[in-house]
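Any value given below was found using the heavy atoms of this structure, including those in side chains, with hydrogens, waters and symmetry copies removed. Chain A is the first sequence line, chain B the second, and so forth, proteins listed ahead of strands; every chain is numbered from 1.
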There are 2 protein chains.
Amino acid sequence: MTADSPTANVVTLSGLKAACSTCNLHDLCLPYGMNDADVAELERIVSRSRPFSRGRTLFRADEPFRAIYVPRSGAVKTYILGADGSEQIIGFHLPGEVIGLDGMVEHRHQLTAQALELAGVCEVPFDLLEHAAARVPALQHQLMRLMSREIAGKEQQLLTLGDHSPERRLALLLLDLSQRYARRGFSATEFNLPMSRQDIAAYLRLAAETVSRAFGKLQRDGLVDVNGRLVRITNSIALAAFSGQLSADDQSRAS
Amino acid sequence: MTADSPTANVVTLSGLKAACSTCNLHDLCLPYGMNDADVAELERIVSRSRPFSRGRTLFRADEPFRAIYVPRSGAVKTYILGADGSEQIIGFHLPGEVIGLDGMVEHRHQLTAQALELAGVCEVPFDLLEHAAARVPALQHQLMRLMSREIAGKEQQLLTLGDHSPERRLALLLLDLSQRYARRGFSATEFNLPMSRQDIAAYLRLAAETVSRAFGKLQRDGLVDVNGRLVRITNSIALAAFSGQLSADDQSRAS
DNA sequence: CGGAAGATTGAGCAGGATCAAAAAATGTGG
DNA sequence: CCACATTTTTTGATCCTGCTCAATCTTCCG
């Protein structure tokens, strides 16, 4: 249990034990559905790292897959560099959302994970986790649930990109973030975006200029109120209708 | 072990036991990494259905999630209907590729799965599978590997859609199918597409006309030879280079 | 053989990318 | 705390690519 060295480049994690039992992400994260004894078992595996400051990478694409990571606070983006060197953002990860589950097959990470803001992160060595899962059925079940959630989430994202209108893509992202913040106990209608406009553009596969204009349009239409990174959803029903999530009837009623 | 009734609408599966031990998809599917005793355990769970003819659905979005499905032969597409009623195709599934793993969290299927051609399918009740996985570590491991593969695959798909050029998107799909066929013992350079042009369009988020033109372009450039659904990859290196999978150097060399 | 669905080809249009510049926010050092 | 430098975001103008509409051709069924 040595003190953290302030050396910036070293991403080695300290051996600090996690406190899953007192973590408020309990029911979003790995411990969900487990009893106290099981959680204790989990805590022996999980270690908390020194916080990652903005821009620091948790791991890079092609690095060997050893562990999965879960932010406790802050936010993380995962991306891969395209053929032209541009960042293709694959996901934004809020506290309790597991990162790195895609590395199991190839035994290496498929993506690069980078902190969007100061982020406390838990590291979970995957081999230990798997062994524990074999002993603790509740852990096995929850681990699979998290993987299933990841699959469903990516499918949802494919749907978002399938929608052609930039405004609708942006609306879907804002609604998605809204729900995820709400589930974490934050406001569903007012929150700070952890990512830049360019990040949003790279995620929605749009030009940054288009994202800016899309924000303008949503604001002009009275759906959201945007001030820099602060977003307030002024009419969530209309926003959902506009995004195409509601039926055609609702849509016409809201417009 | 009653004979299958020919009633078309009934998707109830017959109780026929699977023969995972003699299935040639062994190392792609669930049995991978398991010993004979473990496979025998798995066979008690898996049941083979009467083949699904073209256009028949294995399950529909919103239906309760009870089982996952694996085609033994043929091909299956998964999709969801967009707000405007259009089919948004999420995936094409070849033999050995598990379908339905996204249903675990919400306890209902997120997508509709439909046979693209006559398809033999294995049905695996998920609760039984999970119980078996808790007893058989090799099964637990492989199940997680399959889920991880699914996540990585969806991420790859997001990358494909991120690419703006229709020709490159199509090239990436063809290369993807090529690899997947190759791993199944089929030719990597010559194969029949199981899906229509419209399906390809719905998958790549393009208009059908654009897909047609993209095929024309790839053919004119001497990368592929297309006759209806028969595809022959005449220059796989150039095709990979064109798709952006290879480095910029390779790309300039091939063009 | 005929009908229908699917695929291809062509012409015109619109929407998002790109290029360019101004404005705002962020951060840094004095 | 402010001034300055840098980055980020917004706004404007133009261009180009993929969508739409329309017609033809093909294939696949009964």
Going from CZ on A:Arg54 to CZ on A:Phe52, what distance comes out if it is rounded to the nearest 0.5 angstrom? 16.0 Å

Taking atom types as they are modelled, is there a donor-acceptor pair under 3.5 Å from the base of D:dG12 to the side chain of A:Arg213? yes

Output the single nucleotide from D:dC21, C:dA17, D:dT10 whose closest atom is nearest the side chain of A:Leu206. C:dA17

Any N or O donor-acceptor pair under 3.5 Å from the base of C:dG6 to the side chain of B:Arg229? no

What's the closest nucleotide to the side chain of B:Ala207 if the choices are C:dG6, C:dT18, D:dC19? D:dC19

Pairing of A:Arg184 and A:Glu97 as salt bridge, 4.0 angstrom limit: yes

Both A:Arg54 and B:Asp199 contact DNA chain C. Taking the nearest nucleotide for each, which residue is further toward the 5' end? B:Asp199

Spacing of A:Arg168 atom CZ relative to C:dG15 atom P, expressed in whole Å: 14 Å

Taking atom P of C:dA5 as reference, at what distance in whole Å does atom CD of B:Gln198 sit? 11 Å

Distance in angstrom units between A:Phe215 CZ and C:dG16 P, rounded: 16 Å

Enter the distance from A:Leu239:CG to A:Arg168:CZ here, rounded to the nearest 0.5 Å. 11.5 Å

A:Thr160 side chain vs A:Gln156 backbone, donor-acceptor pair below 3.5 Å: yes

Between C:dT8, D:dG18, D:dT11, which one does the side chain of B:Arg197 approach most closely? C:dT8

Rounded to the nearest angstrom, tell me the gap between atom CZ in B:Arg169 and atom C1' in D:dT17. 12 Å

Rounded to whole Å, CG of A:Leu230 lies from P of C:dA24 at a distance of 18 Å

Quick check for you: among D:dG18, C:dG16, C:dT9, whose closest atom lies nearest to any side-chain atom of B:Ser165? D:dG18

Under 4.0 angstrom between B:Thr210 side-chain N/O and D:dG18 OP1 or OP2: no

Enter the distance from B:Leu218:CG to B:Arg213:CZ here, rounded to the nearest 0.5 Å. 14.0 Å

Over how many whole Å does the gap from A:Glu209 atom CD to D:dT10 atom P extend? 11 Å

